[in-house]
Amino acid sequence: MAMRAAAAAPRSLRRLFSTSTFIPPPITAATPATPPAEPSTNLFVSGLSKRTTSEGLHEAFSKFGQVVNARVVTDRVSGYSKGFGFVRYASLEDAAEGIKGMDGKFLDGWVIFAEYARPRPPLSPQNNGAPPYGR
DNA sequence: TGTGAGCGA
């Protein structure tokens, strides 16, 4: 009565068992999507309004933790906001609270997203932190 | 012009 599911196995799965090459899609491999970075005091905030400034970020994120520094990325030529910024907290726990307290929330009329910033190598002092594309 | 999903000079 019951043993009929095995016989009625999906034809699609038949190939997987007949194939000698067991190559399942690795989950730990590089994913096309953007994986969340590891916990850090540096937060990456996106979805900011063009009118949002670093002060707005600092005040908005300071309500969930001690913000050491907040900065909105702006264009050097035009000076306009790029629509995202960075917020650095005093500790990792404050950063986590800031993410859970501001991620998916409204700021300046726009829904913003807060997450850990990607690990980035520091600038070399020998180059005085000058951009590689600046002769 | 800065109505876009983006990681900083």
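As the structure is a prediction and not an experimental result, all values here were calculated from the model. Reminder, nothing fancy here: chain letters follow the sequence lines and each chain counts from 1.
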Classified by glycosidic angle (syn within 90° of 0, else anti), B/dG4 comes out anti
Contact residues, residues 62-77 of chain A to DNA chain B [heavy atom, < 4.0 Å]
A/Arg71, A/Val73, A/Thr74
Specify the residues of residues 37-49 of chain A, ordered by number, for which at least one heavy atom lies under 4.0 angstrom from an atom of DNA chain B.
A/Asn42, A/Phe44, A/Ser46, A/Gly47, A/Leu48
Take atom CH2 of A/Trp110 and atom C1' of B/dG6, then tell me their distance rounded to the nearest Å.
13 Å
Whole angstrom value for the distance that separates C1' of B/dG2 from CZ of A/Phe84
14 Å
Polar side-chain atom of A/Asp75 near backbone of A/Val77 as donor-acceptor pair, under 3.5 Å:
yes
Rounded to the nearest 0.5 Å, how far apart are OG of A/Ser46 and CD1 of A/Ile112?
8.5 Å
Got a sec, which residues hit side-chain contact (heavy atoms from CB on, under 4.5 Å) with A/Thr53, two or more places apart in sequence or on another chain?
A/Glu55
Starting from C1' on B/dC7, measure out to CD1 on A/Ile99 and report it in whole angstrom.
14 Å
Rounded distance in Å between the C1' positions of B/dG2 and B/dG6:
14 Å
For A/Phe86 and B/dG8, give me the distance from atom CZ to atom P, rounded to whole Å.
6 Å
How close or far is atom C1' of B/dG8 from atom CZ of A/Arg120, stated in whole angstroms?
8 Å
Quick one: list whatever passes side-chain contact (heavy atoms from CB on, under 4.5 Å) with A/Thr74, sequence neighbours left out.
A/Val72, A/Ser81
From B/dA5, B/dC7, B/dG2, pick the nucleotide closest to the side chain of A/Lys50?
B/dG2
Counting heavy atoms from C-beta on, name the nucleotide in B/dA9, B/dC7, B/dG2 closest to the side chain of A/Lys82.
B/dA9
Show me the donor-acceptor pairs, under 3.5 Å and distance only, between side chains in residues 56-69 of chain A and residues at least two apart or in other chains.
from    : atom 1 : to      : atom 2 : distance (Å)
A/His58 : ND1    : A/Ser62 : OG     : 3.3
A/His58 : NE2    : A/Val67 : O      : 3.4
A/Ser62 : OG     : A/His58 : O      : 2.4

Counting only side-chain heavy atoms from C-beta out, which of B/dC7, B/dG2, B/dG4 sits nearest to A/Tyr80?
B/dG2
Taking every non-hydrogen atom, the tightest pair across A/Ala37 and A/Pro119:
CB-CD, 4.3 Å
Gap separating the CZ atom of A/Arg88 from the OG1 atom of A/Thr41, nearest 0.5 angstrom:
5.0 Å
Per nearest nucleotide of DNA chain B, the residue lying toward the 5' end, A/Ser78 or A/Tyr116, is A/Ser78
Acceptor/donor pairs from residues 99-107 of chain A side chains to any protein atom, 3.5 angstrom cut, sequence neighbours excluded:
from     : atom 1 : to       : atom 2 : distance (Å)
A/Asp103 : OD1    : A/Ala114 : N      : 2.9

Could you state the atom-to-atom distance from CD of A/Glu115 to P of B/dG6 in whole Å?
10 Å
Which residue pairs satisfy the ring-ring contact (aromatic ring centres under 6.0 Å, His included) criterion with at least one member in residues 79-102 of chain A, sequence neighbours excluded?
A/Phe44-A/Phe84, A/Phe44-A/Phe86
B/dG6 P sits how many Å from A/Leu107 CG, rounded?
19 Å
